[in-house]
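For the single chain, residues carry numbers from 1 onward in sequence order.
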Amino acid sequence: RSHALGEDERAITAWHEAGHALVQLLTPGTDPLHKVTIIPRGRALGATMSLPEKDILNHSRTYFLDQLRVCCAGRIAEEMFTGDFSTGAAQDIMTATKIAREMVCKYAMSDKFGFQSFYENSRFSPEIQMPQFSEETSQLIDAEVKRLVDEAYIDAKRIVKENKAALEALATKLLEKETMSLEEVQEIVK
């Protein structure tokens with residue numbers, strides 16, 4: 001353990017991770033939930049872990065949209081039960097934004113832009129991608145990324161609200177046990 005959390009931080013983390021676990025379990029297109037914990041490791045105060053059933057090298061648009069919902073769920077649960085939100089969702093926000101931007105710019109998974117890419121690999125390094133579009137297109141891309149994340153947030157909020165009792169039970173159990181397996185989460189949510 002790298003951090004000792006106070007009771008307030010433990011409670012916020014439990015709500016946050018319970019939100020992720022709940023939405024991941026109830027969203028069929030995500031990787032299967034493996035376990036959820038509120039034991040801090042490194043910079044993370046807790047974690048919801050998935051375990052893909054097989055190696056997947058090709059992801060669908062549905063998969064990415066489901067991942068966006070899971071990213072949003074921790075902050076939603078945190079706000080719902082504390083009336084506020086913390087910096088605990090910083091990595092989730094970055095991940096959701098990156099997924100949405102790649103859907104639009106790299107994978108042509110946006111109806112607004114159709115079958116086109118907005119990046120070209122640099123001849124100096126494949127890791128560096130240079131923008132190949134106008135300022136107007138940049139603004140349209142930003143709006144589309146925002147739309148994708150906003151829609152995922154709204155849908156995740158609906159899932160959390162519809163399953164509020166299960167979420168409360170998950171957070172309470174996480175505070176007690178600190179780590180729960182898929183089977184333990186399923187038992188509470190069913």
Side-chain angles (χ1 to χ4, degrees), residues 12 15-17 19-33 42-80 82-163:
I12 291 168
W15 288 116
H16 186 99
E17 296 306 331
H20 285 310
L22 177 78
V23 172
Q24 186 162 356
L25 187 67
L26 296 176
T27 307
T30 62
D31 291 325
L33 179 69
R43 292 177 33 194
L45 299 181
T48 302
M49 294 162 257
S50 59
L51 193 59
E53 295 169 325
K54 59 185 178 209
D55 289 340
I56 299 173
L57 302 175
N58 191 23
H59 293 291
S60 69
R61 182 174 189 269
T62 301
Y63 173 83
F64 287 130
L65 292 172
D66 289 344
Q67 290 302 111
L68 289 175
R69 289 179 191 97
V70 173
C71 286
C72 296
R75 179 172 172 158
I76 291 165
E78 195 178 308
E79 181 183 17
M80 184 181 292
T82 68
D84 200 358
F85 28 74
S86 71
T87 58
Q91 187 63 43
D92 300 327
I93 295 165
M94 287 190 293
T95 300
T97 305
K98 181 179 187 265
I99 290 169
R101 187 160 298 280
E102 286 183 347
M103 288 175 70
V104 173
C105 295
K106 191 174 184 179
Y107 302 126
M109 293 182 173
S110 164
D111 295 335
K112 184 173 193 78
F113 294 105
F115 194 72
Q116 60 182 320
S117 173
F118 293 102
Y119 288 106
E120 183 177 293
N121 286 339
S122 166
R123 60 189 156 139
F124 303 108
S125 170
E127 299 301 315
I128 299 172
Q129 297 192 337
M130 307 300 292
Q132 300 293 313
F133 46 85
S134 69
E135 181 61 33
E136 180 184 343
T137 300
S138 177
Q139 291 174 1
L140 293 171
I141 289 169
D142 289 344
E144 184 67 356
V145 168
K146 181 177 181 352
R147 183 190 67 79
L148 288 169
V149 174
D150 286 351
E151 286 179 5
Y153 195 91
I154 289 166
D155 200 35
K157 194 170 197 172
R158 176 192 55 78
I159 294 168
V160 169
K161 281 184 175 183
E162 288 174 358
N163 296 279

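Smallest separation of non-hydrogen atoms from D31 and Q67: N-OE1, 4.1 Å. Listed here is the closest heavy atom pair of V149 and A100: CG2-CB, 3.7 Å. Heavy atoms only, all atoms of each residue included: S86 and I12 are closest at OG-CG2, 3.9 Å. Of all non-hydrogen atoms in A156 and I76, the two that sit nearest each other are CB-CD1, 3.6 Å. Smallest separation of non-hydrogen atoms from V23 and A73: CG2-CB, 3.4 Å. Of all the heavy atoms in I141 and C105, the pair that sits closest is CG2-SG, 3.6 Å.
Of the inter-residue distances, the one linking E162 atom CD with L26 atom CG reads 9.5 Å to the nearest 0.5 angstrom. Distance CE/M109 to CD/E102: 10.0 Å, rounded to 0.5 Å. Here OG1 of T27 is found 11.0 Å from CG of L65. Values are rounded to the nearest 0.5 Å. One distance of note links CD of Q24 with CG of L33; it measures 5.0 Å at 0.5 Å rounding. H20 NE2 to T30 OG1: the interatomic distance, rounded to the nearest 0.5 Å, is 12.5 Å. Interatomic distance, OG1 of T48 versus CG of D92, reported as 8.5 Å (0.5 Å rounding).
Paired with Y107 under the rule ring-ring contact (aromatic ring centres under 6.0 Å, His included), one option of F113, F64, F118, F115 passes, and it is F64.
In terms of modelled atom types and a separation under 3.5 Å, the side chain of E78 and the main chain of F85 share no donor-acceptor contact.
A salt bridge links E151 with R147: the distance from a Lys NZ or Arg NE/NH1/NH2 to an Asp or Glu carboxylate oxygen falls below 4.0 Å.
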(message) side chain to side chain contact (heavy atoms under 4.5 Å, CB included) for M80 and K161? Distances and angles first, verdict last.
(response) CA-CA 9 Å; M80 184 181 292; K161 281 184 175 183; 3.4 Å; yes
(message) Would T97 and M94 count as a side chain to side chain contact (heavy atoms under 4.5 Å, CB included) here? Give the steps.
(response) CA-CA 5 Å; T97 305; M94 287 190 293; 5.9 Å; no
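Counting heavy-atom neighbours within 6.0 Å of E136 CD, excluding the residue itself, gives a total of 12 or less.
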